[in-house]
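Remarks on the structure that follows.
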Amino acid sequence: NMIVVLSAEHKQDILYLNEADISIVDKFCELTISFLRKGEEAKKTMFASAAKKLEVQTKVVESAVTALAFLFVKAAKLNLSVQEFNDSLVTLAFDEQKNKTLLKTYEENKVALRALQSEIDFELPQFSDLRWRLDVQLATRTCRDQVNPLFLLQLDTKDANDSTETTVLQTDFINLKHLATELQNALDTANQVYYRRVGRNI
Amino acid sequence: MKFRIFGNLDAPDWILKEIEVLSKMSAIKFKLLCSEIVRTLSSGNVDYEKLEKHCAGYTSSDVKAIVAAVTLIIKNSAKYNVKPEVASLELQQLGLPKLHATHIEKTLQTSTNELRVQFKQQTMKLNRIVNTEWRIDFILSSSQLKELNQPQVLLNLHTKTISSKKEPSKTKSFAFGVDQDKFRVFLHELKAARALMKDL
């Protein structure tokens, strides 16, 4: 049973909303969501125009919006249910209507916020491509008259920045066979009963 | 069951299911789809709109499956150099109607060679030398020795690095100097390697 704990500073920032009208709270919710979507760059223009309309300092608008943003982002991160979200709002001592507005904004944007948040994750390099070639080594500088089959592999991996790293590998038949068997074993374990059960229960 | 179009191996399960779907397509659409896929394989550019048009009436995942199946059939037949008649027979054994199989046969007859040339070019290549520049200098003296009087060969090898799907190949140059005796050995070994290549 989790709730978002708002620190004293957060409550201070939201204080402005406590005294404001319900329609203003509504507008602030919209402003917060566009702030979350557009990011830091649009901050100045958005807050300045809102502050002008409401006849308050930009700083007041900024702190209120960032506090609301914290509330929504933390709630989306913890995947709070309706009850848990309402519990988090108790410490703000807002009236019923304002709580409802905040809840409505949260519910409407929860899925989108979680989608955005899941993209901000570190990634290991991913498999991109594997090309292979079978060569036969006939001679080297030091030893002639050989027949030595060799596999050349070109492994491309793509990392989180979308840049591709190419690795060229050389292997003989025995090692390649071992590699193939090990990879096939890995695939087969995923098909075993135990792992299927885990997959179903997640 | 061993099939030539799968390199003398068993047919993958998903192909069997897709052949059922392919059999239900109209013969004319199937023929157009085959030619479009040959175009894709030889040029490397995928014209998604045309492919969707030929597979009209199927969901997007179905379209992907159909295109994958036909691409695999045509690509493998060219890759394993299967005779068009043999490919047609094997496809009919797998359940493809005779009319569709005949279209595949005709497509293969016209395009197998062209596809094989294209595939040969696409084969994996290591870094290769594209250009060599040389220059012979005569070293008069150096800070260690007043009179050196040695010739030196300067080589500049331009190599093309291997290309991957996302990054095209780049050109890298290696410049280095070789003195007389070393260069003699170097040249002799390269000539020996060249002679071995000629004998093949």
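Chain letters run A, B, ... following the sequence lines, proteins first, then strands; residues in each count from 1. Since the model is a prediction, treat every value here as computed from it, not as a measurement.
Few gaps surround CG on A:N79; more than 12 heavy atoms of other groups in view lie less than 6.0 Å from it. The 12-atom threshold is exceeded at OH of B:Y80, counting heavy atoms of other residues, nucleotides or ligands nearer than 6.0 Å. Heavy atoms of other residues, nucleotides or ligands lying less than 6.0 angstrom from NZ of B:K75 number 12 at most. In this structure, A:D145 places its CG atom where only 12 or fewer heavy-atom neighbours from other residues, nucleotides or ligands lie under 6.0 Å away. Environment of CD1 in B:I28: sparse, with no more than 12 heavy atoms of neighbouring residues, nucleotides or ligands closer than 6.0 Å. No more than 12 heavy atoms of other residues, nucleotides or ligands shown are found within 6.0 angstrom of CZ on B:R4.
Contact record, A:R141 with B:V185: NH2-CG1, 3.7 Å, taken as the closest heavy-atom pair.
In this structure, CG in A:L130 is found 9.0 Å from CE in B:M124, a value given to the nearest 0.5 Å.
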(request) Could you walk me through whether B:L196 and A:L138 pass side-chain contact (heavy atoms from CB on, under 4.5 Å), step by step? (result) CA-CA 9 Å; B:L196 278 172; A:L138 297 173; over 6 Å; no
(request) Evaluate the criterion side-chain contact (heavy atoms from CB on, under 4.5 Å) for residue pair A:R133 and B:L126; output intermediate values, then yes/no. (result) CA-CA 10 Å; A:R133 181 172 106 175; B:L126 298 172; 4.3 Å; yes
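Contact annotation: the side chain of B:T123 never approaches that of A:R131 to less than 4.5 Å [non-hydrogen atoms, C-beta and beyond].
Of the two parts of B:A193, neither the backbone nor the side chain holds a non-hydrogen atom closer than 4.5 Å to a non-hydrogen atom of chain A. Interface remark: A:L152 contributes backbone and side-chain atoms alike to the contact with chain B (heavy atom separation under 4.5 Å).
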